[in-house]
> 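The structure is given below, and queries will be raised subsequently.
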Amino acid sequence: MRRLAGLLVVPLLLLSTAACGDSGSDSAQMKNGAPAITKGAKFGEKPTLSTGKGTPPKELKVVTVSEGKGPVLKKGDIAQVNYLGQVWDGKEPFDQSFDRGQPFDVTIGAGAVIKGWDQGLEGQKVGSRVELVIPPDLGYGAQGSGEKIKPNATLVFVVDIVKGATVPVSATGKEVAQDDKALPKIGTNTDGKEVSVSVPKDVEPPAKLVSNYVLEGDGAAVKDTDNVVVKFNGKVWKDDKTFESTYATDTTVTWPMSQLSVKGLKEGITGKKVGSRILLVIPPDMAFGDEEKGSIPAKSTLVFSLDILAVM
């Protein structure tokens, strides 16, 4: 089925990948072996890129346009970035985030974006502007992407690293008693591995939203304007079957709270402390209602174990 993470937020434009380059003599079109930024060269400004000149490099090239003073990004960290992407021989960008007013969240090294991004952003400091020139084998390869990115295209990206956060493997808060036998029981392990969710048998699901601490953290309360980084195990109450678990894949999901389309998730997470694990029981009218979503039948009550790991 389509992953739940993609069902819960209002769709955004898909991220395009990065470009490649090598060293060479500078010109009005080129600087440090990469297409020159002709306008908007400062961090935070929307850049304009020149067209690449000559044969593009065959290996990833990373040019630090300006170095930030923040922490160094490492594998597993979450970064918020603004970007502009253009093909090596292009005259205009195929995608950019500067005009959207919403940076793009990427987990470093998680394989959620093209390899050129994962490799090019790891080791960079928060607050930096970098230019990535990425060869086809680290981009979209022989298949290309849509009409604007042809097969075997070299991609060029200007990326501003706006924020960065180290994400723990698990919630680690104070354990809270789970005394209500009419509610699901949630595992309390903090090793980052799968968290159990046991739905009680022969019990009718609650008609109202349940949002309870299982492990209560000591971080700030989540606001409805935050971007929240989570891990979860989601089940359907009726059959006690998991429809998706990010614990199982050891991955995180970043949800912009303002864009969550499932009302029960938004209301259940808002106000809870970062670092916590919570039980969510979401009735159909606050979930998907009469709609069927992949393996989730219509009129389903949803059950979540959800770790709130960070906010961006």
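Keep in mind that the numbers below use all heavy atoms, side chains included, and drop hydrogens, waters and symmetry copies.
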> Can you find a heavy atom in the side chain of E131 that is under 4.5 Å from one in the side chain of P35?
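A side-chain contact exists here, since the closest heavy-atom pair is under 4.5 Å.
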> Quick check: is I269 connected to L279 through a chain of hydrophobic side chains (ILVMFWY, heavy atoms under 4.5 Å apart)?
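The answer is no; the residues belong to distinct hydrophobic clusters.
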> Does D160 come within less than 4.0 Å of R129, counting only side-chain N to carboxylate O?
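Answer for the salt bridge query: yes.
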> Between D250 and K193, does any side-chain N to carboxylate O distance fall below 4.0 Å?
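Looking at D250 and K193, the cut-off is not met.
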> Would you please test S170 and D191 for side-chain contact (heavy atoms from CB on, under 4.5 Å) and show each step?
CA-CA 6 Å; S170 169; D191 55 4; over 6 Å; no
> Does a donor on one side chain sit under 3.5 Å from an acceptor on the other, for S245 and E194?
yes
> When you look at T251 and T107, which way does the side-chain contact (heavy atoms from CB on, under 4.5 Å) test go after all the steps?
CA-CA 9 Å; T251 56; T107 302; over 6 Å; no
> For the side chain of K231 and the backbone of V169, is there at least one donor-acceptor N/O pair under 3.5 Å apart?
yes
> Can you confirm whether the side chains of S258 and D224 place a donor and an acceptor under 3.5 Å from each other?
no
> Within the distance-only criterion (no hydrogens, no angle test), does the side chain of T190 pair as donor or acceptor with the backbone N or O of T172 below 3.5 angstrom?
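No; zero donor-acceptor contacts below 3.5 Å.
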> Looking at every heavy atom in both A79 and I108, which two are closest together, and how far apart are they?
CB-CD1, 4.2 Å
> Can you see which heavy atom on P200 is nearest to which on K181, and at what distance?
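The pair with the smallest heavy-atom distance is CB-O, 3.7 Å.
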> Please examine the side chains of L183 and P206, heavy atoms only from C-beta on, and report whether any two atoms are closer than 4.5 Å.
yes
> Do M257 and T225 have side-chain heavy atoms sitting under 4.5 Å apart?
no
> Could you state the interatomic distance from OG1 (T51) to CE (M30), rounded to the nearest 0.5 Å?
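So the OG1 of T51 and the CE of M30 are separated by 10.5 Å.
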> Do we see a donor-acceptor contact under 3.5 Å between the side chains of R277 and T188?
no
> With a 3.5 Å distance limit and no angle check, can you tell me whether S50 reaches the backbone of Q29 through a side-chain donor-acceptor pair?
yes
> Looking only at heavy atoms, which two atoms of A153 and V87 are closest? And how far apart?
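That closest heavy-atom pairing would be CB-CG1, 4.3 Å.
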> Checking side-chain polar atoms at under 3.5 Å, does K223 have a donor or acceptor matched by the opposite partner on T270?
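Looking only at side-chain atoms, T270 and K223 do not form any donor-acceptor pair under 3.5 Å.
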> Do L280 and V303 have side chains that approach each other closer than 4.5 Å (heavy atoms only, starting at C-beta)?
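No, too far: nothing below the 4.5 Å cut-off.
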> Can you confirm whether Q96 sits close enough to K46 that some side-chain heavy atom of one is under 4.5 Å from a side-chain heavy atom of the other?
yes
> Any chain of hydrophobic side-chain contacts (each under 4.5 Å) joining V197 to L302?
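No, because V197 and L302 fall into different hydrophobic clusters, even though each may have its own neighbours under 4.5 Å.
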> When the side chains of residues 213-221 are checked against the rest of the protein, which donor-acceptor pairs come out under 3.5 Å, sequence neighbours left out?
| unit_1 | atom_1 | unit_2 | atom_2 | d |
| --- | --- | --- | --- | --- |
| Y213 | OH | K273 | N | 3.0 |
| E216 | OE2 | K273 | NZ | 3.0 |

> Checking side chain to side chain donor-acceptor pair (under 3.5 Å) for the pair K42/S66: CA distance, chi angles, key distance, verdict?
CA-CA 8 Å; K42 294 182 180 180; S66 61; over 6 Å; no
> Using side chain to side chain donor-acceptor pair (under 3.5 Å), reason through S300 and K293 one step at a time and then give a plain yes or no.
CA-CA 10 Å; S300 288; K293 294 289 186 180; over 6 Å; no
> Any side-chain heavy atom of L309 sitting closer than 4.5 Å to one from V230?
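They are not in side-chain contact.
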> Would you give the length of the straight line joining atom OG1 of T252 to atom CG of D77, rounded to the nearest 0.5 angstrom?
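If we round to the nearest 0.5 Å, T252:OG1 and D77:CG are 10.0 Å apart.
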> Roughly how far, to the nearest 0.5 Å, is NZ of K69 from OG of S128?
11.5 Å
> Using the side-chain contact (heavy atoms from CB on, under 4.5 Å) rule, take L49 and V158 through it: C-alpha gap first, then chi angles, then the decisive distance, then the call.
CA-CA 9 Å; L49 277 172; V158 177; 3.9 Å; yes
> Contact between V195 and F232 at the side-chain level, heavy atoms closer than 4.5 Å - yes or no?
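No; the side chains remain at least 4.5 Å from each other.
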> With the 4.5 Å side-chain cut-off for hydrophobic clustering, are F43 and L84 part of the same group?
no
> For the residue pair S305 and Y247, what are the closest heavy atoms and their distance?
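Minimum heavy-atom contact is OG-OH, 3.3 Å.
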> Let me confirm one number: the OH-CZ distance from Y83 to F98, rounded to the nearest 0.5 Å.
10.0 Å
> For Q143, look at atom CD and say whether over 12 heavy atoms of other residues, nucleotides or ligands are found less than 6.0 Å away.
yes
> Atom CE of M312 and atom CG of D226: how far apart are they, to the nearest 0.5 Å?
10.5 Å
> Would V126 and L121 show up in the same hydrophobic cluster when neighbours are defined by side-chain heavy atoms closer than 4.5 Å?
yes
> Within the structure provided, determine whether L265 and F304 are in side-chain contact (heavy-atom separation under 4.5 Å).
yes
> Is there a donor-acceptor pair under 3.5 Å between the side chain of Q178 and the backbone N or O of I186?
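The answer is yes, because a donor-acceptor pair under 3.5 Å joins these two groups.
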> Strictly distance-based, threshold 3.5 Å: is any side-chain N or O of N32 a donor or acceptor partner for the main-chain N or O of A34?
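It does not hold such a pair.
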> Quick one: pull up OG in S276 and NZ in K174 and give me the separation to the nearest 0.5 Å.
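Going from the OG atom of S276 to the NZ atom of K174 covers 12.5 Å.
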> Assess, by modelled atom type and distance only, whether the side chains of N82 and S97 contain a donor and an acceptor separated by less than 3.5 Å.
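There is such a pair (donor and acceptor under 3.5 Å, judged by atom type) between the side chains of N82 and S97.
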> So which heavy atom on Q124 is nearest to which on T64, and how close?
OE1-OG1, 3.8 Å
> Does a salt bridge link K61 with E59, judged by any charged N lying under 4.0 Å from a carboxylate O?
no
> Quick one, V106 with I78, criterion side-chain contact (heavy atoms from CB on, under 4.5 Å). Give me CA distance, side-chain angles, the key distance, then yes/no.
CA-CA 6 Å; V106 56; I78 301 282; over 6 Å; no
> Tell me the closest heavy-atom pair linking V203 and W237, and the distance in Å.
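The answer is O-NE1, 3.1 Å.
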> Taking atom types as modelled, is there a side-chain donor on K74 or T166 under 3.5 Å from an acceptor on the other?
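Yes, side-chain donor-acceptor contact under 3.5 Å.
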> If hydrophobic clusters are built from ILVMFWY residues whose side chains come within less than 4.5 Å, do V228 and V274 share one?
yes
